[in-house]
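Taking it in order: structure first as structure tokens, then the write-up.
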2 protein chains.
Amino acid sequence: MSLSSQPPAAALVFQTLLTQGPLTRAELGRRTGLSSGAVTKVSTPLLADGWITEMGQPAGERQPGRPATLVAVRPERARFIGVKVTADELIGVAADLTATPLATRRTPLGSRDVGTVVRAIARLVARLADGGGGPAVHSVGVTISGDVDGHTGVVRYSPFLDWRGVRLADLVERATGVPTVIDNDVRALTVAEQWFGSGAGLSSFALVTVGAGIGCGISVGGRLVSGAHGVSGEIGHLPVGGALGSAQVCTCGNTGCVEAIASTQAIVDQAREETGDPGLTLAEAVRLAHSGDEAARAVFTRAGRALGLAIASVANLIGPERIIISGEGVASYDLFADQIRRSFTAQAFGTAAECDLVVRPLPFEAWARGGAAVAAQRLFAPAGAGPQSAS
Amino acid sequence: MSLSSQPPAAALVFQTLLTQGPLTRAELGRRTGLSSGAVTKVSTPLLADGWITEMGQPAGERQPGRPATLVAVRPERARFIGVKVTADELIGVAADLTATPLATRRTPLGSRDVGTVVRAIARLVARLADGGGGPAVHSVGVTISGDVDGHTGVVRYSPFLDWRGVRLADLVERATGVPTVIDNDVRALTVAEQWFGSGAGLSSFALVTVGAGIGCGISVGGRLVSGAHGVSGEIGHLPVGGALGSAQVCTCGNTGCVEAIASTQAIVDQAREETGDPGLTLAEAVRLAHSGDEAARAVFTRAGRALGLAIASVANLIGPERIIISGEGVASYDLFADQIRRSFTAQAFGTAAECDLVVRPLPFEAWARGGAAVAAQRLFAPAGAGPQSAS
């Protein structure tokens, strides 16, 4: 955190407008701590280059004398493409500077072979780049689950694709001709929430994703917690399951992990065991539970309790202002919502229980939007600094 | 994190010298990102006021031409007093700017009544302030376990003292006539480690204290994680015990908490149960375990496993560069060291296992030093910003 890594005044002004604008120059000065001279100095080239624009006076404040113009970011000034890679398809989105989606496309993956996936990404990017006119694509952000090094652009390990040490950013950049960044998919979603979603303006928050995996992005003081050794937010591997009498073995080899109880596959496995039907699907397990089947309900109840204990662990250790629960899994959230809240409240220590729990569905396109947010962030916050708090 | 809360140039120069000095002006400029003109401008008043000093040329670099003088902080420029309040005694230390102890005193507490404790603190501060000459005492830092709000100076809840809503900073300030800050004891220890100990220069670290309670301080990006609702680092209330077949009820009312298995009292309780000796003391339990008694050994083994799982949870969620294990409890660390490492390694996810585990004994005086470090920090880093990373 040297001074040179602090956002310079121009980035600070731009970030403040991006997350809190439109603002008058005076308010911009107040929120950034910059003098009015400094605000004018850094605004001029941003205006000239079309990154920000003047919008007239704020409503209800028209007074005689010199009008106070509002300054705002021009979201249409740059375009980004976000791509989420899953085990069997690509989801792509073209988005503006504020990561607002302009167009979405999905494409199935015939193979998990690196070359095939890279070529498919390049075709998807080309199609998304073609549509709708607008400015040229500034950069591409590709996200993927697993251990991804955003700094070097290397996928160190992706269990779903069975990739190790893949220089994905370089490969996609060569195939598309567009600057490319990559990141872990949950971290990218957290970046999108931090700048443009439920995390904006908060001192700290966590985003828990429930689905094929159980992931977690953590933001403290406007910065993503990224882990000194590359690992962070592995809420799926907190050993809380023993408290629930679970002896399910996790993919990581341990017993008691949240993921071994509450991931999609774990729920299907347990429901098959409980109902004695080895061919049961997730949809059928959900239907059974909704229809009141005790065995199926018990599986979702246990998953909810494991998630509640894990979320309480995050609150007890980090004390975030808000925890957002999301992911494909929340589609059947009604089946375990009560248990999540109940075991969270019981286990949260003292005032940690005051943490705001928010549940949000997560359309698959939102994952791709995370990639666009990561790409955009490299432009306006090159040092990876988070948004300035409004308070 | 507004710009105005960033350390101004003078604080930045001072912090850099404090943690990385002595340095030449050129090196100081390089590490702070300031121009040589700016370094000179902010150094001049610091030199004039005796906060920093010039020390001659660096060894082995004497060259013809203009000599490169080293600049260093003068630790003796200011004195601080740190006081740790426990249930039955006060431990006080007088320390210099770098939190190096100059004198130590302990005093028993006859009562936990607020007035009695405040008067005892005032007497202890007066005695420590008298000794040794040197500059007047700049400020006092009082630390205490429990939920302490360092910003408002209020002890919200201290279970050991049975205090609620005590405006301790104001009371001590009035009784001593010296500006006073207060903080949670584990957080204060973490501040001392961050600036002057095993955490200096690290991107992130955690300090786990094992003793009457199981606490944890977490530092990410040079800042202490303090929790949006006042709670953070409550590693003692992670529900990992179920995995170990433990049904011990914690002071918080839950079962499976680390503290219900590994705190001093929990170890004594379990050892009494296992050995059938209701009068067994901790010292006797340690002696029994050392002599090979299976029942006593099993209690320490289970404590070690619970601590290992809890430490792995910190690593999986936050991924710190290093985790320091300390506290009175590590005096019998040989009895559970293996189990801590083994269950940490098994539960740590992927590269999170590369986290550096360090065990350090913690003399009781070190707790008081934490108070001195918190007091000193308010002087040189008023916004609570952490040390600049050297890298």
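To find a chain, count down the sequence lines: A is the first, B the second, and so on, and within it residues start at 1.
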| Nearest atoms (heavy-atom pairs only) where B:Cys250 meets B:Glu259 | SG-CB, 4.3 Å
| query | Shortest non-hydrogen contact from A:Ala312 to A:Gln347? | reply | CB-CB, 3.7 Å
| Option passing side chain to side chain donor-acceptor pair (under 3.5 Å) with B:Arg187 (candidates B:Asn184, B:Asp183, B:Thr190) | B:Asp183
Name the member of [options] that forms the most heavy-atom pairs with chain A at distances under 4.5 Å.
{"options": "B:Ile318, B:Ile235, B:Asn316", "value": "B:Asn316"}
{"options": "B:Ala353, B:Cys355, B:Gly241", "value": "B:Cys355"}
{"options": "B:Thr255, B:Leu238, B:Leu317, B:Val240", "value": "B:Leu317"}

Among [options], who wins on heavy-atom pairs under 4.5 Å with chain B?
{"options": "A:Ala310, A:Cys216, A:Gly256, A:Gly227", "result": "A:Gly227"}
{"options": "A:Ser313, A:Gly230, A:Cys252", "result": "A:Ser313"}
{"options": "A:Val231, A:Val220, A:Leu309, A:Val314", "result": "A:Val231"}

[X] side chain to [Y] main-chain N or O, any donor-acceptor pair under 3.5 Å?
{"X": "A:Ser232", "Y": "B:Gly319", "value": "no"}
{"X": "B:Arg342", "Y": "B:Gly304", "value": "no"}
{"X": "B:Asn254", "Y": "A:Ala346", "value": "yes"}

Under a 4.5 Å heavy-atom cut-off, does chain A meet the side chain of [X], its backbone, both or neither?
{"X": "B:Pro239", "result": "both"}
{"X": "B:Val225", "result": "side chain"}
{"X": "B:Ile218", "result": "side chain"}
{"X": "B:Ala206", "result": "neither"}

Per-residue contact mode, [X] against chain B (heavy atom under 4.5 angstrom):
{"X": "A:Ala348", "answer": "neither"}
{"X": "A:Cys257", "answer": "side chain"}
{"X": "A:Ser204", "answer": "side chain"}

| Within-4.5 Å side-chain heavy-atom neighbours: B:Asp185 and B:Ile144 | no
| message | For the CZ atom on B:Arg305, are there more than 12 heavy atoms of other groups (residues, nucleotides or ligands in this structure) within a distance under 6.0 Å? | response | no
| Under 3.5 Å side-chain donor-acceptor pair for A:Gln339 and A:Thr301 | no
